[in-house]
Amino acid sequence: MFKVKALLFDVFGTVVDWRTGIAKDVKIIADKHNISINPNDFADAWRAEYQPAMEEIRQGRRGFTILDKLHLENLKKIAPRFNLDNLSNEEYNFLVTAWHRLPGWPDSSEGLNKLKKKFILATQSNGNIALMVNMAKYSSLNWDVILGAEVVGHYKPEPEAYQKACSALNLKTTECLMVAAHDDDLKAASLQGMKTAYVHRPFEYGREKLFDLAEVDDYKGYRYWDIVSADFHDLANQLGC
């Protein structure tokens, strides 16, 4: 087994269940106004605006903008589709900060504590610092340090996002393990010399959109994975924690 000193984690979908968290809070607002809504459809629609908004920044068409602001812009963009376009600023803020209150997966908190005994644990997320800190408090995520877009000035999967995050820890990319449930993230990290660990999160997009871990050998992305794990407990076991 290779030796690494730090584990850098993708957060949305890998550590926390964004879909359930967003669906729960939008239902609170919808019920308050007697608006009929499918909360999961809303969560999916909002999340679908995530990458296009960051791509404007990656391509240099817009200066660096934190995710909280992008989330607000994206929320107002999709709000008319769900009859949410007449909300107060306070209600819009409640929904934007729903991303600060996302629940961890059942194994996340305990699994991170196991891993922390042996490794430096850092977020490597596109989320801004306040979002990550508040989420950590809310879901008992015991990070050593918050890294990611606001710290390095780049959104994943830009190469600089990984390079500068590792450099901030005074480590080489080869001394760091990227942990994610998404192949594009792991591929980009691998190309910068990082080791990679895939964590299986079959319910990220709901039970109707499962990706079976048994299909890994047939999946084109597996070649970028140094470790394949069922959850954080499994990852900790494989890393000798």
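One-based numbering along the sequence shown.
Taking OG1 from Thr20 and CZ from Phe203, the interatomic distance works out to 10.5 Å, rounded to the nearest 0.5 Å. To the nearest 0.5 Å, the span separating CD on Glu158 from CD1 on Ile57 amounts to 9.0 Å. Taken from CG in Leu8 to CG in Leu177, the straight-line distance is 8.5 Å, to the nearest 0.5 Å. Taking CZ of Phe94 as the start and CD of Glu91 as the end, the distance is 9.5 Å to the nearest 0.5 Å. Rounded to the nearest 0.5 Å, atoms CD (Gln192) and NZ (Lys172) are 16.0 Å apart. Within the model, atoms CZ of Arg19 and CH2 of Trp46 stand 15.0 Å from one another, a figure rounded to the nearest 0.5 Å.
Within the 4.5 Å cutoff, side-chain heavy atoms of Leu67 are placed close to those of Tyr155. Annotation: side chain of His233 is in contact with side chain of Glu110 (closest heavy-atom distance under 4.5 Å). Residues Gln124 and Cys166 are not in side-chain contact: their nearest non-hydrogen atoms beyond the backbone lie 4.5 Å or more apart. Between Thr123 and Val15 the shortest side-chain heavy-atom distance does not fall below 4.5 Å. Residues Cys176 and Val4 are not in side-chain contact: their nearest non-hydrogen atoms beyond the backbone lie 4.5 Å or more apart. Residues Met178 and Lys156 are in side-chain contact: their nearest non-hydrogen atoms beyond the backbone lie under 4.5 Å apart. Contact annotation: the side chain of Tyr92 never approaches that of Leu84 to less than 4.5 Å [non-hydrogen atoms, C-beta and beyond]. Using a 4.5 Å heavy-atom cutoff, the side chains of Ser190 and Thr196 are in contact.
Remark: side-chain polar atoms of Trp105 are paired, donor with acceptor, to backbone N or O of Gly13 under 3.5 angstrom.
Here the shortest heavy-atom pairing between Ala168 and Leu147 reads CB-CD2, 4.1 Å. Ser139 and Gly104 get closest at one heavy-atom pair: OG-N, 3.4 Å. Taking each heavy atom of Ala43 and Ala23 in turn, the nearest pair found is CB-N, 4.3 Å.
The ring-ring contact (aromatic ring centres under 6.0 Å, His included) test with Trp18 is passed by exactly one of Tyr205, Tyr50, Phe12: Tyr205. Each of Asn93, Leu95, Leu70, Leu87 was checked for a side chain to side chain contact (heavy atoms under 4.5 Å, CB included) with Leu75, and the lone residue meeting it is Leu95.
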I'd like to know whether Glu90 forms a salt bridge (Lys or Arg N to Asp or Glu O under 4.0 Å) with Lys32, so could you lay out the CA-CA distance, the side-chain angles of the two residues, the decisive distance to 0.1 Å, and finally the verdict.
CA-CA 13 Å; Glu90 181 180 358; Lys32 175 183 175 182; over 6 Å; no
* Full working for side-chain contact (heavy atoms from CB on, under 4.5 Å) between Lys117 and Cys241 -> CA-CA 7 Å; Lys117 294 176 183 178; Cys241 297; 5.9 Å; no
Under the salt bridge (Lys or Arg N to Asp or Glu O under 4.0 Å) rule, what do Glu175 and Lys5 come out as? Steps first, then yes or no, please.
-> CA-CA 6 Å; Glu175 297 176 299; Lys5 297 179 180 179; 3.2 Å; yes
For this session: Begin from the C-alpha positions of Leu169 and Val145 and carry the test side-chain contact (heavy atoms from CB on, under 4.5 Å) through to its verdict.
Result: CA-CA 9 Å; Leu169 296 173; Val145 63; 3.9 Å; yes
| message | Evaluate His182 against Glu204 for side-chain contact (heavy atoms from CB on, under 4.5 Å), listing each step before the verdict. | response | CA-CA 11 Å; His182 313 116; Glu204 179 179 0; 2.8 Å; yes
request  = Report the C-alpha separation of Ile35 and Phe82 in whole Å, then their side-chain angles, then the decisive distance to 0.1 Å, and conclude whether the side-chain contact (heavy atoms from CB on, under 4.5 Å) test is met.
outcome  = CA-CA 8 Å; Ile35 296 170; Phe82 297 91; over 6 Å; no
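The closest side-chain donor-acceptor pair between Asn83 and His33, if any, does not fall under 3.5 angstrom. A donor atom on one side chain and an acceptor atom on the other are not found under 3.5 Å apart for Trp99 and Asp68.
Judged by the 6.0 Å and 45° rule, Arg81 forms no cation-pi pair with Phe42.
Note on Val11: it clusters hydrophobically with Ile66, by side-chain heavy-atom contacts below 4.5 Å among ILVMFWY residues. Linking ILVMFWY side-chain heavy atoms closer than 4.5 Å, directly or via other members, places Val26 and Tyr138 in two distinct hydrophobic clusters. No single ILVMFWY cluster, assembled from side-chain heavy atoms under 4.5 Å apart, contains both Tyr162 and Leu191. Linking Ile, Leu, Val, Met, Phe, Trp and Tyr residues whenever their side-chain heavy atoms come within less than 4.5 Å places Ile146 and Ile120 in a single cluster.
Salt bridge Asp31/Lys27: present, at least one basic N to carboxylate O contact under 4.0 Å.
Using cut-offs of 30° and 60° for the angle between ring planes, the Phe9 and Phe232 rings count as perpendicular.
Sorted by first and then second residue, the salt bridge (Lys or Arg N to Asp or Glu O under 4.0 Å) pairs involving residues 123-144 (not counting sequence neighbours) are Lys116-Asp144.
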